[in-house]
Amino acid sequence: MHEFKYKNNQLYCEAVRIADITQKVSTPFYLYSYATLLDHYRKLVKAFSSIKPLVCYSMKANSNLSICRALVKAGSGLDIVSGGELYKALLAGCSPKKIVYASVGKTEEEIRRAVAREILFFNVESLPELELINKVAKDIGKAASVALRINPDVEPGTHTYITTGKLTNKFGIDFDAAYKIIQNRAKFSSLNFKGLHIHIGSQIIQAGPYVLAIKKMASFITKLKKELIGIEYLNIGGGLGIIYAQEKPQTAEEFSRKVLPILKNTGLKIILEPGRFIVGNAGILVTKVLYLKKTPLKNFVIVDAGMNDLIRPSLYGAYHEILPLRRTQDAGRRTNKVDVVGPICESGDFFAKDRRLPEVKEGDYLSIMGAGAYGFSMASNYNCRLKPAEVMVKGDKFYIVRKRDSYLDLVRKDIIPGFLK
Ligand code: PLP
């Protein structure tokens, strides 16, 4: 469900006609619906209300300050993976007591800052990392809280690049190693072992892999309890899938119905770390058709957005629905197959291949749907392109929540050494 809908053949975001925004903001730009964002967050909170979990929105999906702030104001915590995300999480007004920090490669400096701010806990991904956090905490003179990220060796049935809970992946610690660490926890005198964590992958549309992973965790917790080890939290990660094309992902309700009984049995406080589920369908990328180009074999629709703005199709072969901002009378009549491509000097720069779209003309605007997650957060300045603006709609008003880059932004940090002057 989302708030991008046609009224009188014009695509609206909530109560704003998107074509009106294109008169004020140059394309390409990301457009977010505040109501959709909050609706997804609240659906998850409601589905799990019987156990009152802490939902820590995963900032990597979209770390725009206004997106984070909107969720924090609604009660969300944040899942972070870098010093930069910690900095933005605090700026967004998140209490450190609602911040959890994963990543296989936390640097000493990043760890120091997070220990100093007394975050809820680190999701620790290896023994050497655990040793470093202990050392840093001792140096600072503060205890640090940790959760061990377990790699449960479960197949989530998603793209291999976003599969994270198999033993061939770099993430987490296997059960045996984790058990030994917990048995020897007295060695880590500056650490509080507060929890256990899993995150098995992203865009997972079935509850099955979660059920399997959580059951494995439940047995592990039972084994630990025999050792009288008091772990307070079980963080079940993010990964809930959304609709991009014809997928039928589990709803929050269906998901909770499957996993709640197992979670309740653990007796632990539960943390969820969704990113895509909350923001994915709350955002679109608006782009303009620059040229129609016909070659002996292909019809190209060349648009002003590129893979630097939204890399998912190039990176994962991901599908995004593409809709015109203005539907014409014969919208139902699909054209010949077209490739929708950007201006970048790579053949991998595309948004759709061999897609039947309604007839489009040069100067028309298109909306690339489901672009709220892993869209702007993965954007770059490749080809010296300006990162797009981000706009948020709330009701009948829109707000620029990040300005488009300027040319000055492209060179601000370059330094020409004296010998070249
Ligand atoms: N938690 C962790 C540790 C992750 O690595 C990720 C994504 O990579 C997420 C949560 C969020 O995943 P998703 O956006 O699929 O919910």
Side-chain angles (χ1 to χ4, degrees), residues 37 40-41 43-44 47-48 53-64 67-68 71 76-82 85-86 89 98-106 114 119-126 129 146-152 154 156-166 169-173 195-207 209-210 213-214 217 233-244 247 249-252 255 259 270-283 311-312 315-316 318 370-378:
L37 185 73
H40 291 158
Y41 169 75
K43 277 198 173 114
L44 209 54
F48 283 86
L54 174 61
V55 175
C56 290
Y57 163 66
S58 192
M59 280 180 78
K60 65 178 76 62
N62 187 323
S63 64
N64 180 281
I67 298 263
C68 295
L71 292 165
S76 181
L78 295 173
D79 157 48
I80 64 166
V81 284
S82 69
E85 285 193 352
L86 174 62
K98 286 186 172 181
I99 294 178
V100 291
Y101 185 175
S103 158
V104 291
K106 305 172 185 86
I119 60 167
L120 180 58
F121 52 71
F122 292 88
N123 291 318
V124 179
E125 312 239 12
S126 66
E129 183 197 326
V146 294
L148 295 187
R149 176 169 178 177
I150 308 289
N151 184 320
V154 163
T158 186
H159 193 286
T160 48
Y161 287 10
I162 46 177
T163 293
T164 55
K166 299 269 299 162
N169 304 133
K170 64 182 172 178
F171 303 98
I173 303 169
L196 297 167
H197 173 230
I198 46 170
H199 170 75
I200 57 174
S202 196
Q203 183 56 13
I204 303 169
I205 56 174
Q206 307 279 351
Y210 286 100
I214 296 169
M217 292 303 283
Y233 291 94
L234 173 59
N235 180 343
I236 62 168
L240 293 171
I242 61 168
I243 301 173
Y244 285 106
E247 301 92 337
Q250 62 214 319
T251 62
F255 177 56
V259 297
I270 302 301
I271 296 181
L272 300 150
E273 292 175 340
R276 191 188 309 271
F277 179 86
I278 290 179
V279 76
N281 282 327
I311 202 171
R312 297 189 69 257
L315 190 59
Y316 314 121
Y374 307 102
F376 188 90
S377 63
M378 290 176 118

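In listed order, ligands and their atoms are each counted from 1. For this chain, numbers begin at 1 and follow the sequence in order. In this text the structure is predicted, and so the values were computed from the model without any measurement.
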Is it true that the NZ or CZ of Lys106 lies under 6.0 Å from the centre of Tyr101's six-membered ring and within 45 degrees of the ring axis? yes
Those residues with a heavy-atom separation under 4.0 Å from ligand 1 are Ser58, Lys60, Asp79, Ala102, Arg149, His197, His199, Ser202, Gly238, Gly239, Glu273, Pro274, Gly275, Arg276, Tyr374
Are any non-hydrogen side-chain atoms of Ile198 and Arg149 less than 4.5 angstrom apart? no
Contact check, side chains of Leu240 and Leu272, non-hydrogen atoms, under 4.5 Å: no
Are any of the side-chain heavy atoms of His40 and Tyr57 separated by less than 4.5 Å? no
With sequence neighbours left out, what residues match Asn235 under side chain to side chain donor-acceptor pair (under 3.5 Å)? Glu273
Residue pair Lys166 / Phe171, side-chain heavy-atom distance below 4.5 Å: no
